[in-house]
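Single-structure report; data block below.
Computed from heavy atoms alone, side chains included, the values below leave out hydrogens, waters and symmetry copies.
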Protein chains: 2
Amino acid sequence: MATEGMAGLAKGLAVLEAFGASAPRLSISEAARATGLSRATALRCLNTLAELGYVAFDGKFFTPTPRVLRIGATYGETAALPQLAQPHLSAIREAIDESTSLAVRYETDSLFVARSEGARLLNTGVRVGARLPLYASSTGQVLLGSLTDSELSDYLATTEFTARTSHTPTTADAVAERIEAARTDGMAISNEELEPGLLSIAVPVLDPAGHIVAAISVSASTSRVTVDELRDRVAPVMQRHATALGRQL
Amino acid sequence: MATEGMAGLAKGLAVLEAFGASAPRLSISEAARATGLSRATALRCLNTLAELGYVAFDGKFFTPTPRVLRIGATYGETAALPQLAQPHLSAIREAIDESTSLAVRYETDSLFVARSEGARLLNTGVRVGARLPLYASSTGQVLLGSLTDSELSDYLATTEFTARTSHTPTTADAVAERIEAARTDGMAISNEELEPGLLSIAVPVLDPAGHIVAAISVSASTSRVTVDELRDRVAPVMQRHATALGRQL
DNA sequence: AAACACTGTTCGTTTTGCGAACATATGTTT
DNA sequence: AAACATATGTTCGCAAAACGAACAGTGTTT
């Protein structure tokens, strides 16, 4: 490599990131397959992670321990965005009585960096650190608005738009249309595009230079809330907080 | 070492964990000092972390990026405890109208694994992944109740009880007394022991075998809430949810 | 100007990690 | 019971990685 680095660190982090909702525990062979490493290499990574306390071993399977939260906390403890955002998300949740989140663009995903859970249950799997594909989420459709024309062309040309429901936009034209609508309306509303029964709305957070740096979203069940309610009652509250947050950045 | 491992992985994770509230950004020399590594080794770690997108580099300083949240999410996406706890914390927050958290014992700290922020601001720095010393926090005084007598003796003998406020218990006897009171009362109340103006109460979460596996806490300002209100109004709500959560484990 | 602190780079040396191969164990299928 | 498939634990000679002291350059402080 051009500059000397730490190949073992890269491998170990890849092994850690192989754990997730679809792989709550991993055996050595599973970890090797998930990462493309040899079995011996995957075993070395897992042994070191276990020695350091980041994963637990039950004799066959490895699982992440709470210690990994320390790694995640390095962002939460050092970055202004989630810390400034949290009171706004709490205030939106109080006013709207639904779960609300803040996401940033991370590669081809929305990555959730702050969250305030409402009391009503919605099993969306959204939590701090979770990702959702940009094209299929309201936050993503807002965040894509920050791309230049060439970046957007590249994104549309290289992304496989896999349907999550029968409402998911699955062509480049349909996705581009959603992005343009989000730019025009100053919000994106996703009506069962990500998950059946799930309504969500996102608004952009702009920095003082006017760039989209994050998106705030509210999610609710279609059985409880209508699209018109989202637009007319929820969006103004979100936009007020998004503007206030943008001013603090 | 007895078993072959990944020394580079250990070093890289140590560098990542050097970031935090007291070190939101690190230069190469600062990272080397914080971890005891040589400057060249710290640089290799940071370069690899930057190449992988876990830290950003501004030409002089490194800072964690949202990608580190992915590592933290491996626990949140795979473990039952925080997922089962979250609705309970939201319900407690709704009923009590204050921030509430769930912590587990991690070495000599309480480590926060789930959180529900109230609308009222309390700058305690508590967030998922944050740690507080066991002896100085209400969750810690509850969690210490899970130690065997010999584990507790060892903890008391080896811990330096640094005062955080003039109310912090700073002798082994005083700490042991708080732990015994928590066992007896089924709760711990911390009145300005951690931070001036901060009141907090914690109750244990027991697994079906009756072991303390976590603690739920509520924090409030002394200007808003009294100790009697915590005990008489808040504790019963917390205990009801703690019991329900314990049954789900 | 001198001293100090920090960074970028180098390269001979030391140490680590590699991974195929082998033996063993476990679970499934016939 | 036997055969088969999958997985795990371990080994070890070797190549590659990582080490870190030393040097040169830069910026700041005295």
Side-chain angles (χ1 to χ4, degrees), chain A residues 1-65 67-68 71 74 78, chain B residues 1-65 67-68 71 74 78:
Chain A
M1 58 168 59
T3 61
E4 257 185 44
M6 292 292 218
L9 172 58
K11 290 167 182 164
L13 289 167
V15 167
L16 255 186
E17 288 215 41
F19 291 96
S22 58
R25 63 182 195 178
L26 291 169
S27 68
I28 296 157
S29 296
E30 287 167 344
R33 271 197 298 279
T35 54
L37 299 169
S38 77
R39 231 183 9 88
T41 299
L43 176 60
R44 290 187 182 96
C45 290
L46 287 163
N47 278 345
T48 296
L49 289 169
E51 278 165 31
L52 296 171
Y54 292 98
V55 299
F57 184 49
D58 70 2
K60 184 172 168 66
F61 292 106
F62 294 85
T63 50
T65 69
R67 181 166 182 174
V68 297
I71 303 294
T74 61
T78 58
Chain B
M1 57 172 55
T3 62
E4 252 185 48
M6 292 294 219
L9 173 58
K11 290 167 183 166
L13 290 168
V15 168
L16 254 187
E17 286 214 43
F19 291 96
S22 58
R25 63 182 196 177
L26 290 169
S27 68
I28 296 157
S29 295
E30 287 167 343
R33 266 197 301 280
T35 54
L37 298 170
S38 76
R39 230 180 15 87
T41 300
L43 176 60
R44 291 186 183 96
C45 292
L46 287 164
N47 278 347
T48 297
L49 289 168
E51 277 166 31
L52 297 171
Y54 293 98
V55 298
F57 183 50
D58 70 2
K60 183 171 169 64
F61 292 106
F62 294 85
T63 49
T65 70
R67 183 167 179 172
V68 296
I71 303 293
T74 61
T78 58

Any side-chain heavy-atom pair of [X] and [Y] under 4.5 Å:
X: B:Val55; Y: B:Val68; result: no
X: A:Leu13; Y: B:Ile71; result: yes
X: B:Val15; Y: B:Phe62; result: no
X: B:Leu49; Y: A:Leu9; result: yes

Given atom [atom1] of [X] and atom [atom2] of [N], what is their separation to the nearest angstrom?
X: A:Ile28; N: C:dT24; atom1: CD1; atom2: P; result: 18 Å
X: B:Phe62; N: C:dT7; atom1: CZ; atom2: P; result: 9 Å
X: B:Leu43; N: D:dA17; atom1: CG; atom2: P; result: 17 Å
X: B:Met6; N: C:dG19; atom1: CE; atom2: P; result: 9 Å
X: B:Leu46; N: C:dT7; atom1: CG; atom2: C1'; result: 13 Å
X: B:Glu4; N: D:dG9; atom1: CD; atom2: C1'; result: 13 Å
X: A:Phe61; N: D:dT6; atom1: CZ; atom2: P; result: 16 Å
X: A:Leu49; N: C:dG17; atom1: CG; atom2: P; result: 13 Å

Given D:dT8, C:dT7, C:dG17, identify the nucleotide with an atom nearest to the side chain of B:Lys60.
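Of the options given, the side chain of B:Lys60 lies nearest C:dT7.
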So if I take every side-chain heavy atom of B:Thr41 and compare against D:dG20, C:dG8, C:dG19, which nucleotide ends up nearest?
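For the B:Thr41 side chain, the nearest candidate turns out to be D:dG20.
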Want to settle it: does A:Phe57 or A:Arg44 sit nearer the 5' end of DNA chain D, counting the closest nucleotide to each?
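It is A:Phe57 whose nearest nucleotide is closer to the 5' end.
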Phosphate OP1/OP2 of [N] contacted by [X] side-chain N/O (<4.0 Å):
X: A:Arg39; N: D:dA7; result: no
X: B:Arg33; N: C:dC6; result: yes
X: B:Ser29; N: C:dC6; result: no
X: A:Ser27; N: D:dA7; result: no
X: A:Lys11; N: C:dC18; result: yes

Donor-acceptor contact present, side-chain A:Thr65 to main-chain A:Tyr54, <3.5 Å
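Between the backbone of A:Tyr54 and the side chain of A:Thr65 there is a qualifying donor-acceptor contact (under 3.5 Å).
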